[in-house]
Amino acid sequence: MAKKLWGGRFGKKTDPLVEEFTKSIHYDYKLAEYDVYGSLMHIKILKKADFLSITEYNKLHKAFSNILDKIKSGTFKYDNACEDIHTNIQNVLEKEVKSLVLKLHTARSRNDQVVFDLKMFSKDKLLDIRELCLNLQKTLLEMAKENIDITIPGYTHLQHAQLVYLSDYLRSYCNMLNRDYKRLYTLSDNIKFTLGAGALAGAPISSKFYNEAIKEVIKELDFKEIQFEAVENSLDTVSDRDFVIEILSALSIMGMHLSRLSEDLIIWSTKEFGFVEIDDAFATGSSLMPQKKNPDVLELIRGYSGVLYGNLVSVLTTMKGLPLTYNRDMQLDKPPLFSSFEIIEKELKVLEKLIATLKWNKKTIAKAIENDETLYATDLVYYLIGKGEPFKNAHDSVGKLVRYSLNKNKKIKEMNDLELKQFSDKLKHSEIIKLMDPLVSVKSRISVKRKNLKPRT
Ligand code: ARG
């Protein structure tokens, strides 16, 4: 078993089952890079507080820089025998700086370290997700532009309602993603970094040294987005996981949006609808039925919402009964967070390509509209209102007209003035056939002020 960061107090070796059960190296290795950034700050703080001489500082700085290079180039050797990534890095460091390593943990606790690492990791991931979100928005907008005048049946209760623009439909998902983007941006902005909380009670080093050292390292490493705050309450600092819960919540909402978009596309790509065709490269087949072309990607996006919500509920539940301050339960915040980041990242990437390669079956869409005059029923109501009919009367008249048309299997467009008169003497064949046109219908909804929707940058 690898060296531990603790041990003096114990009269026996740790049981191997305990070591296996308590370790987190198999997932927190992802924090390696950020752990080193925190260590670079920590050694500078120790130097300022005279816990390290300049020579010692330089030696440690060099060793940490080597480790960072290895992590970044993928040559760092993760050691699964270690309890966690903090231990792993410290053990590697020891090989280079020998006994000097014994000074490293002065005034430092993993409780403080792990919050710092996780915040930094999250901030980076949030940036990646925001970029992918923008890409998907751009693709949706591009598709909206290409299909600016295409109308489709709009649905409520999954029943034909009124005609809408396909471009509006696509832009509605863009709107959702705009809100997601904003949420992630605000979340990231709210993440404030601290060091110096110790295990829970702070450290015997002036906050002035923390501030100076951290600022200097931020400058050296050229980190732009990092905002540091002095530890204002060390108990809260080591036991706060609100940022994890907030991220999981924002990712769950985003996953829900992607799931709804997927569900629409699944329905629209069925034989019954046939509005859209998924490119062969983004569909899957059946092991038995040779003709099948299945939307598994979209189904999995829908399915993964369950995992995203589960991850959120998992951390909420882990946190709800914890006494202050740090408890080992909190180690379990990482797998759900990593999982949700990974799911959303993959979903945004694959969905962007799937959408860019969609083929809209304009003829099938036009046919669906042509086959259902009820899509104009509300337009006919407005037409009668325009002729002085009170809304309720107009609603009743058109309702009866629709029922008559369906029962008789006769198109409203084919009814003459005499036939129309049974429902309202204000209905004129020559006028309503002009009205029952897809573009006339959608253009009449002038309450909608379309924005030139641009993805956020
Ligand atoms: N692996 C731990 C975690 O993720 C690090 C902190 C351990 N602290 C402790 N007091 N055992 O939370």
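Every value quoted in this text rests on a predicted model; they were computed, and no experiment measured them. As the structure lists them, so they are numbered: ligands from 1, and atoms in each ligand from 1.
Per-residue contacts place Arg328 under 4.0 angstrom from the following atoms of ligand 1 (heavy atoms of the residue considered): 11 (N). Listed by number with element, the atoms of ligand 1 under 4.0 angstrom from any heavy atom of Ser24 are 1 (N).
Looking from atom 8 (N) of ligand 1 to the surrounding protein, the closest heavy atom is Asn111 OD1, 2.9 Å. Among protein heavy atoms, the minimum distance from atom 3 (C) of ligand 1 is reached at Tyr326 OH, 3.2 Å.
Within a 6.0 Å radius of CZ in Phe223, more than 12 heavy atoms belonging to other residues, nucleotides or ligands are found.
The backbone N or O of Leu104 sits less than 3.5 Å from a side-chain atom of His42, completing a donor-acceptor pair.
Relative orientation of the Tyr185 and Tyr181 rings is parallel, given thresholds of 30° and 60° on the angle between their planes. Using cut-offs of 30° and 60° for the angle between ring planes, the Phe338 and Tyr27 rings count as perpendicular.
Sorted pairs that involve residues 230-263 and meet ring pair (Phe, Tyr, Trp, His ring centres under 6.0 Å), not counting sequence neighbours, are lacking altogether.
Here the shortest heavy-atom distance to atom 1 (N) of ligand 1, taken over Glu83, His86, Gln331, belongs to Gln331.
In this structure, Lys334 counts as a contact residue of ligand 1, since one of its heavy atoms falls inside 4.0 Å of the ligand.
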